[in-house]
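Working notes, beginning with the structure itself.
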Amino acid sequence: MPEKKLYTDSAIEIKQVYTAADVPAAHHEMPGQFPFTRGVQEDMYRGKLWTMRQYAGFSTAEESNKRYHYLLSQGVMGLSVAFDLPTQIGYDSDHPLAEGEVGKVGVAIDSIEDMQTLFGGIKLEEVSTSMTINATAYILLSFYVALAKQQGADLKKITGTIQNDILKEYAARGTYIYPPQPSMRIITDIFEWCSRELPKWNTISISGYHIREAGSTAVQEIAFTLSNGKAYVKAALAKGLDINVFGRRLSFFFNAHNNLFEEIAKFRAARRMWANIMKELGATDPKAMMLRFHTQTGGSTLTAQQPQNNISRVTVQTLAAVLGGTQSLHTNGYDEALSLPTEEAARIALRTQQIVAFESGAADTVDPLAGSYYVEALTSEIEQKAYELIATIDAMGGSVSAIEEGFIQDAIARSSYEYQRKIENGEKIIVGVNKFQSAEKDNTPVFKIDDSIRHVQTQQLAKLRNDRDPAKCDQVLQYLSDKATSGENIMPTVIEAVEQKCTLGEIADTLREVFGEYK
């Protein structure tokens with residue numbers, strides 16, 4: 001009888017047993033040293049644990065602020081902000097296209113006043129904030145900087161991250177506004193401004209997370225993400241920026257899926273690949289070659305059937321991220337296939353990280369799976385397959401061209417289809433979905449958002465517009481239009497605009513008039 005063949009989710013064949021013969025020639029690599037396969041710090045979590053974040057943001061800034069204070073009281077070390085769709089695509093809450101979406105998948109932020117409410121009672125110098133925002137990242141960062149200035153904070157000490165990764169929006173998510181070329185220009189403006197004024201801020205979080213959520217494999221996730229990373233680096237180099245300066249502020253955002261060993265190997269391979277890619281592009285500072293990354297457990301792996309099973313899934317994914325050497329981690333609530341997480345689900349998710357950190361022993365030694373025949377072989381195999389994909393993209397002229405031609409989108413769609421087909425025909429078992437189902441009715445409490453939020457935000461916008469100086473707003477928006485047209489860095493003017501109480505929608509529209517919209 002022929003031996004049964006097993007494969008990882010990236011279609012890498014898994015042998016029945018691995019031996020020393022399967023491991024590529026030993027590199028004798030050490031953590032904290034190029035090419036950082038084993039981690040970016042020599043002591044990893046013995047020196048400092050990963051940042052435990054909980055992603056939150058819903059309805060109004062006031063409601064989200066209450067959740068932030070609660071999470072900080074529970075031991076969260078960093079805040080992570082989710083924004084609603086109108087905020088993500090540059091519409092104020094009172095815009096006709098915002099109807100039905102205000103405050104739904106995240107918090108509505110229309111102005112500097114909303115930002116003041118969102119972080120009420122929180123000193124920005126004392127927290128690290130991650131903002132999942134892309135097309136309007138330049139505006140949200142400006143709100144944050146303006147608020148830090150109002151608090152009297154030293155901008156040199158402010159830490160955090162904006163996602164600011166527009167290429168994966170065209171490939172996987174869809175919350176873009178402007179065409180690719182002007183979008184890349186805005187991103188390099190942010191790199192340039194932050195390297196001078198906000199030196200500890202991570203100016204981009206190059207995201208594989210959403211690529212994976214859209215249905216890619218682990219190999220595609222790192223190949224497309226690192227390829228996008230190359231495109232951002234090349235755009236910054238073309239602007240004359242120093243790779244050893246801006247390279248230190250690049251960060252990545254990956255998904256932690258269910259296949260424990262493939263995920264660990266994926267993180268190790270990504271670090272090694274990025275170090276070599278940056279070296280080839282001219283980096284000489286080791287810190288500019290380090291791939292530092294935030295991880296979020298896999299949202300698309302969560303099931304609405306038997307939702308408590310998701311606690312176990314998230315635990316496996318948390319272990320994958322920690323054993324793979326993440327710098328920061330968000331764990332999903334078990335109820336997120338049903339609604340935004342309830343407070344109880346968010347607490348269990350955070351406790352999952354704390355149990356792995358303090359009870360499991362997984363954080364006690366650096367890269368504990370190094371030298372495993374299986375993990376080392378898998379790390380090299382993922383690396384090889386990812387490089388093959390990157391070579392295909394390079395031959396097309398890089399990520400921007402590959403996205404414009406639809407290559408990346410088509411590849412993700414094919415993988416997504418194949419994964420679903422395997423679930424439907426029973427090749428891939430999802431517990432509680434296509435096997436081990438139960439007839440009991442699920443009574444998981446769900447978190448509901450009140451539809452009156454748009455009315456509240458609209459009233460606040462009317463008051464804001466009434467109280468500000470309209471002539472000053474018109475003048476600063478005209479300056480912004482001029483800077484966008486001339487090619488000067490737009491960041492100082494955007495910050496000035498938010499300080500004059502211009503709204504997110506007004507600023508986004510000013511650039512829509514200059515750059516047009518991507519269709």
Side-chain angles (χ1 to χ4, degrees), residues 57-64 81-118 131-144 146 162-166 168-170 172-180 182-183 186-187 190 210 340 449-466 468 470 473-474 476-478 480-481 484 490 493-495 497-519:
F58 48 86
S59 80
T60 61
E62 195 173 14
E63 285 303 311
S64 293
V81 190
F83 298 95
D84 72 358
L85 274 173
T87 304
Q88 291 180 49
I89 51 178
Y91 293 122
D92 289 331
S93 297
D94 59 357
H95 192 285
L97 290 178
E99 191 164 351
E101 291 295 344
V102 177
K104 285 290 168 69
V105 297
V107 63
I109 300 291
D110 295 319
S111 71
I112 181 69
E113 290 183 356
D114 287 334
M115 208 65 160
Q116 288 161 350
T117 305
L118 186 66
M131 294 190 274
T132 304
I133 195 74
N134 297 285
T136 53
Y138 68 103
I139 307 174
L140 272 302
L141 178 61
S142 298
F143 284 147
Y144 198 82
I162 38 172
Q163 193 162 96
N164 197 27
D165 173 8
I166 204 66
K168 69 95 178 48
E169 293 299 324
Y170 303 113
R173 260 189 98 237
T175 65
Y176 44 73
I177 303 174
Y178 317 111
S183 293
I186 294 171
I187 287 167
I190 293 170
H210 303 95
L340 285 168
I449 295 292
D450 186 350
D451 277 322
S452 65
I453 291 158
R454 183 166 189 249
H455 178 64
V456 173
Q457 288 293 116
T458 299
Q459 284 182 314
Q460 286 175 346
L461 277 165
K463 185 177 182 303
L464 172 98
R465 292 190 180 110
N466 202 37
R468 67 189 187 180
C473 286
D474 291 345
V476 76
L477 290 173
Q478 184 54 53
L480 177 59
S481 178
I490 62 169
T493 315
V494 178
I495 294 165
V498 307
E499 288 174 333
Q500 292 296 345
K501 299 191 176 177
C502 294
T503 68
L504 170 116
E506 290 162 346
I507 294 166
D509 282 348
T510 300
L511 295 196
R512 275 186 179 97
E513 283 169 26
V514 178
F515 298 141
E517 287 191 81
Y518 184 68
K519 293 284 186 275

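Treat the numbers as computed from the prediction; the structure is a model and nothing was measured.
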Could you measure the distance from the [atom1] atom of [X] to the [atom2] atom of [Y]? Nearest 0.5 Å is fine.
| X | Y | atom1 | atom2 | value |
| --- | --- | --- | --- | --- |
| Ile112 | Thr503 | CD1 | OG1 | 12.5 Å |
| Ile453 | Thr458 | CD1 | OG1 | 11.5 Å |
| Leu511 | Ile177 | CG | CD1 | 8.5 Å |
| Ile495 | Ile490 | CD1 | CD1 | 10.0 Å |

Return the minimal non-hydrogen interatomic distance between [X] and [Y], and the atom names on each side.
| X | Y | answer |
| --- | --- | --- |
| Val105 | Ala82 | O-CB, 4.0 Å |
| Ala146 | Val498 | CB-CG2, 3.8 Å |
| Ala172 | His210 | CB-O, 3.7 Å |
| Gln500 | Cys473 | O-SG, 3.2 Å |
| Ala137 | Ile162 | CB-CD1, 4.2 Å |
| Ala108 | Gly103 | CB-N, 4.3 Å |

[X]: what forms a salt bridge (charged side-chain N to carboxylate O under 4.0 Å, His left out) with it, not counting sequence neighbours?
| X | value |
| --- | --- |
| Arg465 | Asp92, Asp94, Glu506 |
| Glu513 | none |
| Glu62 | none |
| Asp474 | none |

So does [Y] get a backbone contact from the side chain of [X], meaning a donor-acceptor N/O pair under 3.5 Å?
| X | Y | answer |
| --- | --- | --- |
| Asn134 | Asp165 | yes |
| Thr136 | Thr87 | yes |
| Gln88 | Phe83 | yes |
| Ser183 | Tyr178 | yes |

Is any side-chain heavy atom of [X] closer than 4.5 Å to a side-chain heavy atom of [Y]?
| X | Y | result |
| --- | --- | --- |
| Ile186 | Phe515 | yes |
| Leu85 | Lys104 | no |
| Leu141 | Asn164 | no |

Requested in this report: Could I get the full list of ring-ring contact (aromatic ring centres under 6.0 Å, His included) partners for Tyr138, not counting sequence neighbours?
Outcome: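 Tyr138 satisfies ring-ring contact (aromatic ring centres under 6.0 Å, His included) with no residue once adjacent residues are dropped.
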Query - Contacts of type ring-ring contact (aromatic ring centres under 6.0 Å, His included), residue Tyr170, not counting sequence neighbours - result: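 Residues passing ring-ring contact (aromatic ring centres under 6.0 Å, His included) with Tyr170: Tyr176, Tyr518.
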Requested in this report: Decide whether a cation-pi geometry holds between Arg454 and Tyr91; the criteria are a distance under 6.0 Å from NZ or CZ to the six-membered ring centre and an angle within 45° of the ring axis.
Outcome: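 No, Arg454 does not sit over the ring of Tyr91.
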Query raised in the report: Under the side chain to side chain contact (heavy atoms under 4.5 Å, CB included) test, which residues partner Thr510, sequence neighbours left out?
Result: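 Checked Thr510 against side chain to side chain contact (heavy atoms under 4.5 Å, CB included); matches are Leu477, Leu480, Ser481.
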Partners passing side chain to side chain donor-acceptor pair (under 3.5 Å) against [X] (at least two apart in sequence or in another chain):
| X | result |
| --- | --- |
| Thr175 | Glu169, Arg173 |
| Glu113 | Lys501 |
| Glu101 | none |
| Asp110 | Ser93, Gln457 |

Query raised in the report: Which salt bridge (Lys or Arg N to Asp or Glu O under 4.0 Å) pairs, counting each pair once, include a residue from residues 132-144, with sequence neighbours left out?
Result: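 For residues 132-144, and leaving out neighbouring residues, there are no salt bridge (Lys or Arg N to Asp or Glu O under 4.0 Å) pairs at all.
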Query raised in the report: Yes or no on side chain to side chain contact (heavy atoms under 4.5 Å, CB included) for Asp114 and Ser111, after CA distance, side-chain angles and deciding distance?
Result: CA-CA 5 Å; Asp114 287 334; Ser111 71; 4.2 Å; yes
Query raised in the report: Out of Ile139, Thr60, Leu140, which residue meets the side-chain contact (heavy atoms from CB on, under 4.5 Å) rule with Ile109?
Result: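 Testing Ile109 for a side-chain contact (heavy atoms from CB on, under 4.5 Å) against Ile139, Thr60, Leu140 leaves exactly one candidate, Leu140.
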Requested in this report: Using a cut-off of 6.0 Å, state whether more than 12 heavy atoms not belonging to Glu99 lie near its atom CD.
Outcome: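 Atom CD in Glu99 is not crowded, with 12 or fewer foreign heavy atoms closer than 6.0 Å.
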